[in-house]
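Input: a single structure, listed below in structure tokens.
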Protein chains: 2
Amino acid sequence: MFSKSCEYAIKATIYIAEQAGFDKRVGLKEIAQAIDSPEAFTAKILQQLSKNRIVDSVKGPSGGFSMDKKNLEVLKLSQIVKAIDGDSVYKGCGLGFNECSEKKPCPVHYKFKTIRDELRNMLETTSVKDLSMNLNKGLAFLKK
Amino acid sequence: MFSKSCEYAIKATIYIAEQAGFDKRVGLKEIAQAIDSPEAFTAKILQQLSKNRIVDSVKGPSGGFSMDKKNLEVLKLSQIVKAIDGDSVYKGCGLGFNECSEKKPCPVHYKFKTIRDELRNMLETTSVKDLSMNLNKGLAFLKK
DNA sequence: AAATTAAAGGATAATTTTATCCCTTAACAT
DNA sequence: ATGTTAAGGGATAAAATTATCCTTTAATTT
């Protein structure tokens, strides 16, 4: 569904959001441990998230990554996915055609349309807060 | 959604099915041209499809690939996908956890569940005949 | 039976994705 | 101001995926 990078990005964002809820700023090392991801690779992804203003970062002692609490409801899964994987998930054709459309549908077009539309809708309506709330309730887990 | 290999596999199968409808056996070269895929790579994929009895192959002159007409309604998209990509699509977690389940749901589990279930259902109910029929009606296309 | 044709299969290469290393830059603490 | 800390960023490496080449095997045709 998503690239590994994107999976890490989602996990990292959820973790940062969770900690931001406690007004905690968290460092790369802590994040990588929490979501069980390779540190250096995660650093790259956090850079992208930071550039895309999905998280904010501060250098130096007691620095690290955090998020604007007020933004947690507004920030949608779709924005993370877009920042890392682009819009391939949205406009991607089931058979990899890029000209695939309503007017020139590929053989699987109509079969896939519903599902991709729903996926899009789900990503666009699910906020980071939705996900981190689940996490706090113990209904879900982040680390393998 | 699927690997490139899987995309080629679906396209190739649809094309072979279409031609099998005319009782035509088709060769690698023709298939690769029809679906606009690299020939040698497509050969590998056809080997897998053949091993999985999704298509049948005959060597030598007037050989090539074909399918049992009677099977076109029975053969589902899911079988092609499984033969090439395994069952990652079915049991794949949105965040890449392999222990993700009802009992131990990842943060996106419930959000993704519906969509993955629908995808699974769609793949398991869509027959190759459904797709090749569309193609014949000119409603869809195979070659870019 | 021999020649020809086309798939099967092994080895290898190119590309993309994932991952690591190390040096630079910026923020904070003293 | 200086040292320490942590993110930023460039270069490189490893792994996986995609792709090609070439030899072998098995059919069909003559």
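Each chain gets a letter, A, B and so on, in the order the sequences are listed, and its residues count up from 1. It should be emphasised that the depicted structure is a prediction, and the values quoted were computed from it without experimental measurement. What you see below is based on every heavy atom in this structure, not just the backbone, and it leaves out hydrogens, waters and symmetry mates.
Taking atom CZ of A/F41 as the reference point, atom C1' of D/dA13 lies 13 Å away to the nearest angstrom. One interatomic measurement links the two molecules: CD of B/E7 to P of D/dT18, which rounds to 9 Å at whole-angstrom precision. With rounding to whole Å, B/Y8 atom OH is found 11 Å from D/dT17 atom C1'. In this entry the distance linking CG of B/D56 with P of D/dA26 reads 17 Å, nearest Å.
Remark: A/L46 CG to A/Y8 OH distance equals 12.5 Å, nearest 0.5 Å.
Applying the salt bridge (Lys or Arg N to Asp or Glu O under 4.0 Å) test to A/D117 and every residue at least two apart in sequence or in another chain returns A/K113. Listed by chain and residue number, B/K44 satisfy the side-chain contact (heavy atoms from CB on, under 4.5 Å) test with B/Q47 (two or more places apart in sequence, or in another chain). Legend: residues meeting side-chain contact (heavy atoms from CB on, under 4.5 Å) with A/A20, ordered by chain and number and at least two apart, are A/S66, A/M67.
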Inset, instruction - Test B/V26 against B/I16 for side-chain contact (heavy atoms from CB on, under 4.5 Å), laying out the working first. - result: CA-CA 7 Å; B/V26 285; B/I16 295 168; 4.0 Å; yes
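Counting only residues at least two apart or on different chains, no ring-ring contact (aromatic ring centres under 6.0 Å, His included) pair has a member in residues 49-69 of chain B.
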Legend entry - Heavy-atom protein contacts under 4.0 Å, nucleotides 5-12 of chain D, coded B base, S sugar-phosphate only, - none: BBBBBBB-
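Where DNA chain C meets chain A (any atom under 4.0 Å from a heavy atom), the bounding nucleotides read 5' to 3' are C/dT18 to C/dC28.
Counting non-hydrogen atoms of neighbouring residues, nucleotides and ligands closer than 6.0 angstrom, the NZ atom of A/K111 exceeds 12 such neighbours.
For the pair A/C93/A/F112, no side-chain contact is recorded, criterion being any heavy-atom separation below 4.5 Å from C-beta on.
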